[in-house]
Structure formats: structure tokens, C-alpha cells
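Below: one structure, written as C-alpha cells.
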Amino acid sequence: MASKKIIPYHPIIVMFCDMLWDRNEGPRGLPLRERRVRLERRYARNRPQRTDLSPLISFRTMEELRELRATAGAPGMEGLMLKRRESPTLAGRPKGLWWTWKRAPLSIDAVVTCAGRGIGGRRG
């Protein structure tokens with residue numbers, strides 16, 4: 001668990017960008033535009049602490065998109081997540097429906113939830 005002293009300097013929030021489950025229903029087959037409406041309604045009702053909604057950003061040209069990527073968000077923001085408005089969420093990595101365009105493409109998205117000393121050759 002993070003020290004309480006570090007939290008003001010490196011706050012952690014959950015950024016919601018899509019809705020994959022809604023109560024007893026999985027709306028992944030719906031277009032993103034419909035899933036986003038559901039997400040915004042749910043978020044407006046609940047507003048969980050230390051969370052935010054990802055902003056929706058429009059662009060008209062590839063040059064505009066390049067500029068948005070170069071200046072995307074605050075420090076710590078990795079880049080842009082591009083999704084087609086009509087796209088469902090499908091298992092695996094289907095081509096053409098969404099794309100993560102990172103500023104540092106060799107970085108890893110990870111949250112360490114547990115660490116162990118290992119066994120055998122990995123011990124210590």
C-alpha cells in the first residue's frame with residue numbers, strides 16, 4: 001500500500017473510458033456511443049471518489065490528431081485511446097475498431113497488486 005505521504009504528490013485515480021458491464025448486462029455489443037451514454041449516466045449518479053471520465057476529443061485532420069497526441073493531458077498521461085463511435089467491444093485485439101497511440105510506445109501499462117520473493121531459481 002502506498003504511503004499516505006506520497007499520495008498528494010502522486011495521486012492515483014481511476015479513469016473511466018468505456019462501459020463493459022452494467023448491472024446484470026454486458027453492453028459490449030452495443031456501439032461505443034451508446035455505451036458512453038450509459039457510462040456518463042451511471043457516473044453522474046454515483047461519482048465515485050478518486051475517479052474521472054476520460055474526455056471525448058474530436059478532430060478533423062491527421063495533423064490535428066498528431067497535435068492532440070503531442071499535448072495529451074497532464075504529466076503521466078500516456079497518449080490517446082482512439083475508438084470508433086460505432087464499434088462494439090470484442091474479445092482479443094480486433095484490428096480497426098480502436099487504437100492506443102502512446103507517446104512512449106515501449107512503456108508498459110501495469111499496476112502491481114502483489115509481489116513475492118519467488119521460488120527455485122527466482123528466489124530472492
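The analysis underlying the following values was restricted to heavy atoms, covering all of them including side chains, and did not include hydrogens, waters or symmetry mates. One is the number of the first residue; the rest follow in order along the sequence.
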For the residue pair [X] and [Y], establish whether any side-chain heavy-atom pair is separated by less than 4.5 Å.
X     : Y     : value
Trp98 : Leu82 : no
Leu30 : Met19 : no
Leu80 : Leu65 : yes
Arg42 : Arg23 : yes
Thr51 : Met15 : no
Val14 : Phe16 : yes
Glu86 : Pro31 : yes

Of all heavy-atom pairs between [X] and [Y], which one has the smallest distance, and what is that distance?
X     : Y     : answer
Asp22 : Pro27 : N-CD, 3.8 Å
Cys17 : Leu39 : C-CD2, 3.8 Å
Arg28 : Arg35 : O-NH1, 3.7 Å

So does [X] have more than 12 non-hydrogen atoms from other groups sitting under 6.0 Å from [atom1]?
X     : atom1 : result
Arg60 : CZ    : no
Arg84 : CZ    : no
Arg85 : CZ    : no

For this session: Just do the side chain to side chain contact (heavy atoms under 4.5 Å, CB included) check on Arg38 and Glu25 with the steps written out, would you?
Result: CA-CA 12 Å; Arg38 288 181 180 210; Glu25 179 187 7; 3.1 Å; yes
Exercise. When you check the gap from the basic side-chain N to the acidic O, do Arg36 and Glu40 get nearer than 4.0 Å?
Worked result: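 Salt bridge between Arg36 and Glu40, a charged N being under 4.0 Å from a carboxylate O: yes.
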Problem set entry | Carboxylate-amine/guanidinium contact Arg69 Glu64, below 4.0 Å |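 No salt bridge links Arg69 with Glu64.
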Exercise. Roughly how far, to the nearest 0.5 Å, is OG1 of Thr61 from CD of Glu67?
Worked result: 10.0 Å
Exercise. Which distance, rounded to the nearest 0.5 Å, do you find between the CG of Leu90 and the NZ of Lys95?
Worked result: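 Here the interatomic distance stands at 13.5 Å.
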Problem set entry | same_hphob_cluster(Leu53, Met81) at 4.5 Å side-chain heavy-atom cutoff | no
Exercise. Going only through I, L, V, M, F, W and Y residues with side-chain contacts under 4.5 Å, is there a path from Ile57 to Leu32?
Worked result: no
